[in-house]
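For reference, the structure is listed below as structure tokens.
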There are 2 protein chains.
Amino acid sequence: MATELMAQEARALLQQAQGRVTPTRVEVLSILLGAKAALSHQEIEQLAVQQGYSFDRVTLYRTLDWLVEQGVAHKVNSADRAWRYNAQTETPHQHAHFHCRQCEQVFCLEQLQPALLVSLPAGYALEQVELNLHGYCPACSIKHAG
Amino acid sequence: MATELMAQEARALLQQAQGRVTPTRVEVLSILLGAKAALSHQEIEQLAVQQGYSFDRVTLYRTLDWLVEQGVAHKVNSADRAWRYNAQTETPHQHAHFHCRQCEQVFCLEQLQPALLVSLPAGYALEQVELNLHGYCPACSIKHAG
DNA sequence: CAATATTTTGCAACTATATTGCATTTTCCT
DNA sequence: AGGAAAATGCAATATAGTTGCAAAATATTG
């Protein structure tokens, strides 16, 4: 597990944020940095415990909110009514999310550009485009197809 | 209020569904038919009360689920972690949703085609595309701009 | 039209996610 | 090291949605 590396990167990112670099924040951000998919609060809590760290649920919520506010993480709304979070290392850009129907994980697709024909009706002020793809992720596709 | 017309249309649609045409179902569907935006369970309940009709929360949830199942309504996941529903009179097609940041309403944009460049990484099995646009709806844009 | 079977509804209790207020602890700065 | 400000933990609460079961409504059959 490259936990220590992630922790270092996390600390570096937090250095630039408006606020304190606390163990909880380092832990949470390094978990997000090490994840391949967007994580729910529960998944994060579990991973933290696995790494010998624990914190209150409320603290986690607040930490995640703060990370989003600071621009180092972002929030995805998934079908099971739970927010999922992942680290946002690069500049905020429009990227798509792939929601797996089997394992319910949410993957960020950085390279997918929604070259959409924005022929929005008059009057709407567009601020952000959110593209969600639903289906089966590579791992689940294999199990599915057999 | 064109309630009676909506109720008639609702009854016609329900006639074709697999199940009973009950007052609750007619009421809920006609509310959805009369709405310009996707409605939350709370908004539906309120509108029903305004029209002199009331039902249990659970019944509403079940009714909405059933309407979706029957293909006469569809479900949208919005930012406030509440499902929103609207009538689906036409054939199910991929359409975009506009989420207003001010009034939190969700509008269906039937005409908007997400001509997206689907260059999905290998392994992903795409089943559905969900396009959400965030910003300010016409009514709120006006208030916003002054 | 009455009896019966089936579906739908209402009630109560429950689950899960998330939030709020406040006291305590930790962190940062000098 | 000391003190101000920020972060955390705990308890309580809000909100969305679900489940089981009994009662009511609707449809079906004799």
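Reminder, nothing fancy here: chain letters follow the sequence lines and each chain counts from 1.
- A:L47 pairs by the side-chain contact (heavy atoms from CB on, under 4.5 Å) definition with A:I31, A:L39, A:Q50, not counting sequence neighbours.
- Whole-Å rounding puts the A:E27 CD to D:dA7 P distance at 18 Å.
- Contacts between residues 54-66 of chain B and DNA chain D, defined by a heavy-atom separation under 4.0 Å, are made by B:R57, B:V58, B:Y61, B:R62.
- Pairs of residues two or more places apart, or lying in two chains, never qualify as ring pair (Phe, Tyr, Trp, His ring centres under 6.0 Å) while including a residue from residues 7-30 of chain B.
- For DNA chain C, the contact window with chain B, defined by any atom under 4.0 Å from a protein heavy atom, covers C:dT6 to C:dA18 in 5' to 3' order.
- B:I44 has its side chain within reach of B:L64: a pair of non-hydrogen atoms, C-beta onward, lies under 4.5 Å apart.
- Using a 4.0 Å cut-off between a side-chain N of Lys or Arg and a carboxylate O of Asp or Glu, A:R57 and A:E45 do not qualify as a salt bridge.
- Nearest heavy atom pair, residue A:S141 against residue B:G123, reads OG-O, 3.1 Å.
- Note on residues 63-82 of chain A: pairs passing salt bridge (Lys or Arg N to Asp or Glu O under 4.0 Å), not counting sequence neighbours, are A:D80-A:R84.
- Taken over five-pair windows at either terminus, the axes of the helix from C:dC1-D:dG30 to C:dT30-D:dA1 are inclined to one another by 30° (rounded to 10 degrees).
- OP1 or OP2 of D:dA16 has not a single side-chain nitrogen or oxygen of B:W83 nearer than 4.0 Å.
- The structure places CG of B:D56 at 10.5 Å from OH of B:Y61, a figure rounded to the nearest 0.5 Å.
- Within residues 74-82 of chain A, the residues approaching DNA chain D are A:R81, by heavy-atom distance under 4.0 Å.
- Note on B:T24: only backbone sugar-phosphate atoms sit closer than 4.0 angstrom, heavy atoms only; bases stay farther off.
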Polar pairs (N or O, both sides) under 3.5 Å between protein and nucleotides 23-26 of chain D?
residue : atom : partner : partner atom : Å
D:dT26  : O2   : B:R20   : NH1          : 3.3
D:dT26  : O2   : B:R20   : NH2          : 3.3

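- Taking all atoms of both residues into account, the shortest heavy-atom contact from A:A48 to A:F55 is CB-CZ, 3.7 Å.
- Annotation: side-chain contact (heavy atoms from CB on, under 4.5 Å) contacts of B:N86 (sequence neighbours excluded): B:A38, B:H74, B:V76, B:C108.
- Screening residues 23-36 of chain A for side-chain hydrogen bond (donor to acceptor under 3.5 Å, both in side chains) gives A:T24-A:Y53 as the qualifying pairs, with residues at least two apart or on separate chains.
- Regarding B:H41, its NE2 atom lies at a distance of 16 Å from the P atom of D:dA14, rounded to whole Å.
- B:Q105 pairs by the side-chain contact (heavy atoms from CB on, under 4.5 Å) definition with B:A37, B:C103, B:F107, not counting sequence neighbours.
- Put simply, the side chain of B:S40 never gets that close to the backbone of B:A82: no donor and acceptor are under 3.5 Å apart.
- Here the shortest heavy-atom pairing between B:Y136 and B:C100 reads CA-SG, 3.9 Å.
- Residue B:Q18 contributes atom CD, which lies 15 Å from atom C1' of D:dA27 at whole-angstrom precision.
- For B:H99, the ring-ring contact (aromatic ring centres under 6.0 Å, His included) partners are B:H134, not counting sequence neighbours.
- Pairing each heavy atom of B:H41 with each of B:L60, the nearest pair is O-CD2, 3.2 Å.
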